2 protein chains.
Amino acid sequence: MRPREFDHDDVLRIAFEQFWRKGVRGTSLSDIARDAGVQRGSLYNAFGSKEALFLQAYERYAGDYLVALQKALGAGSLRKRLIAFFDLTITNFRSGTPPRGCPTTRGLMELGAAEGEGLDEDARQAFANLISRITALVQDALSAGAKRGEFSGNPAAAALHIITVTRGLAVIERAFGDEPQLRKIAAHTVDLVLDKRGR
Amino acid sequence: MRPREFDHDDVLRIAFEQFWRKGVRGTSLSDIARDAGVQRGSLYNAFGSKEALFLQAYERYAGDYLVALQKALGAGSLRKRLIAFFDLTITNFRSGTPPRGCPTTRGLMELGAAEGEGLDEDARQAFANLISRITALVQDALSAGAKRGEFSGNPAAAALHIITVTRGLAVIERAFGDEPQLRKIAAHTVDLVLDKRGR
DNA sequence: CACGTTCTTGACGTCGTGTCAAATACTCTT
DNA sequence: AAGAGTATTTGACACGACGTCAAGAACGTG
């Protein structure tokens with residue numbers, strides 16, 4: 001066998017960076033190939049298609065992101081955990097300076113939908129998977145908080161609600177680009193869930 | 001002047017139908033031209049570009065949608081109004097049978113992002129405009145409800161929260177396609193906002 | 001050291017967007 | 001009523017992107 005002339009993971013990282021910044025549609029395989037110093041054909045050989053490449057790059061990212069979220073949800077009072085969770089959700093929207101959308105939400109709405117109606121099952125599952133796992137993390141935090149008397153309510157329902165707000169924030173961010181407002185919404189949500197209404 | 005051989009509004013409707021079903025990316029101007037019985041070049045002459053055509057088609061839809069929302073938010077108890085609002089938000093995701101995503105959320109995440117980072121100012125504003133106006137409608141309903149003692153809290157913050165949940169639902173719908181779950185989240189949100197916690 | 005397997009490379013086909021100039025059809029003026 | 005003007009239509013063209021394929025290249029293995 002002839003050995004590969006590039007590092008699989010490096011290409012995934014480079015590709016994801018581009019996909020994140022310019023969108024899947026706005027990124028051509030030529031762009032990625034140039035950036036990675038790889039021939040375009042080699043990418044097809046190694047990954048199959050543009051969408052498959054994106055999906056692999058996305059799953060790489062999803063792993064890292066989950067770890068960060070888990071850490072954020074693991075220390076302090078329940079309120080602190082939730083605030084940290086929202087914080088990470090909001091700030092991770094941008095990696096350096098310029099705001100870029102949430103990859104999951106972006107990808108979900110941008111991908112597939114080529115022919116019939118929805119997006120391909122593979123892609124859908126990749127995104128749904130991450131969302132499910134994040135929901136589980138939040139639910140665990142809430143359940144633990146319930147035992148400590150920091151929260152009264154249905155952990156499953158509340159977790160789902162929080163995750164929904166999270167996804168909504170990604171959309172609002174793209175529509176208005178107003179980060180302070182996002183934080184206000186997040187704080188308000190935490191108040192609602194923790195039963196401290198008003199402000 | 002030579003008169004146009006097609007009806008401007010008809011084309012807008014046909015185009016939006018396609019954009020909604022197959023996504024902006026998944027719809028080619030050839031598709032629309034064929035469906036509308038118009039030459040592709042004529043579309044460019046009349047609308048300028050694919051994105052411009054989508055934006056005009058979208059604004060046409062936005063007007064109709066706003067009217068429907070306003071009606072839903074205008075009758076019954078505050079709780080009934082909010083439920084009706086969420087209902088319309090959820091069911092309007094599909095027009096006939098097959099579930100198609102929320103056009104606003106789809107468009108926001110799919111459009112632009114070609115070069116630098118975000119989407120063009122024109123497009124962003126079109127979406128942000130609809131979201132703002134919907135938020136205003138909800139806020140009005142909440143303010144009225146506050147006077148009637150159906151709601152205590154900050155109408156602006158609550159409206160923003162509700163709209164965020166709404167946008168989140170569009171994402172969740174696309175990830176899981178599970179409509180009953182959407183309704184549960186909606187009901188839970190109404191409970192939270194109206195201060196009837198638990199279930 | 002040859003063999004085979006995999007990767008690489010460049011050319012090709014197809015499709016989509018957007019532009020342009022020539023032809024066309026209508027209206028308005030005289 | 002006829003011609004001039006103007007906007008629309010039409011088809012051809014250029015360009016870029018995705019994906020495929022066959023031929024060449026590089027490495028491990030017997």
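Note that this is a predicted model, so its numbers are computed, not measured. Convention: sequence-line order gives letters A, B, ...; per-chain numbering from 1.
One interatomic measurement links the two molecules: CG of B/N45 to P of D/dA7, which rounds to 10 Å at whole-angstrom precision. In this entry the distance linking CZ of A/F6 with C1' of D/dC27 reads 16 Å, nearest Å. Atom NE2 in B/H8 sits roughly 15 Å away from atom P in D/dA7 (whole-Å rounding). If you take CE of A/M1 and C1' of D/dA26, they are 11 Å apart, rounded to a whole angstrom.
Between the side chain of B/R167 and the main chain of A/G168, no donor-acceptor pair closer than 3.5 Å is present. At distances below 3.5 Å, at least one donor-acceptor pair connects side-chain atoms of A/K50 with backbone N or O atoms of A/T27. Between the side chain of A/E110 and the main chain of A/G23, no donor-acceptor pair closer than 3.5 Å is present.
If B/S30 and A/R40 are placed on DNA chain C by their nearest nucleotide, the residue sitting closer to the 5' end is A/R40. Between B/P3 and B/Q39, the residue anchored closer to the 5' end of DNA chain D is B/P3, taking for each the nucleotide with the nearest heavy atom.
Protein chain B contacts DNA chain C over a range whose 5' and 3' limits, counting nucleotides with an atom under 4.0 angstrom from a non-hydrogen atom, are C/dG16 to C/dT27.
Distances shorter than 4.0 Å separate some side-chain N or O of B/S42 from OP1 or OP2 on D/dT9.
Under 4.0 Å is where a charged nitrogen must lie from a carboxylate oxygen, and between B/R124 and B/D120 no such pair does.
Among the heavy atoms of the strands, none lies under 4.0 Å from A/F47.
Side-chain N/O atoms of B/T104 and B/Y65 include no donor and acceptor closer than 3.5 Å.
The shortest side-chain heavy-atom distance between A/K22 and A/R100 does not fall under the 4.5 Å cut-off.
One cannot find a donor-acceptor pair under 3.5 Å joining the base of D/dG28 and the side-chain atoms of A/R2.
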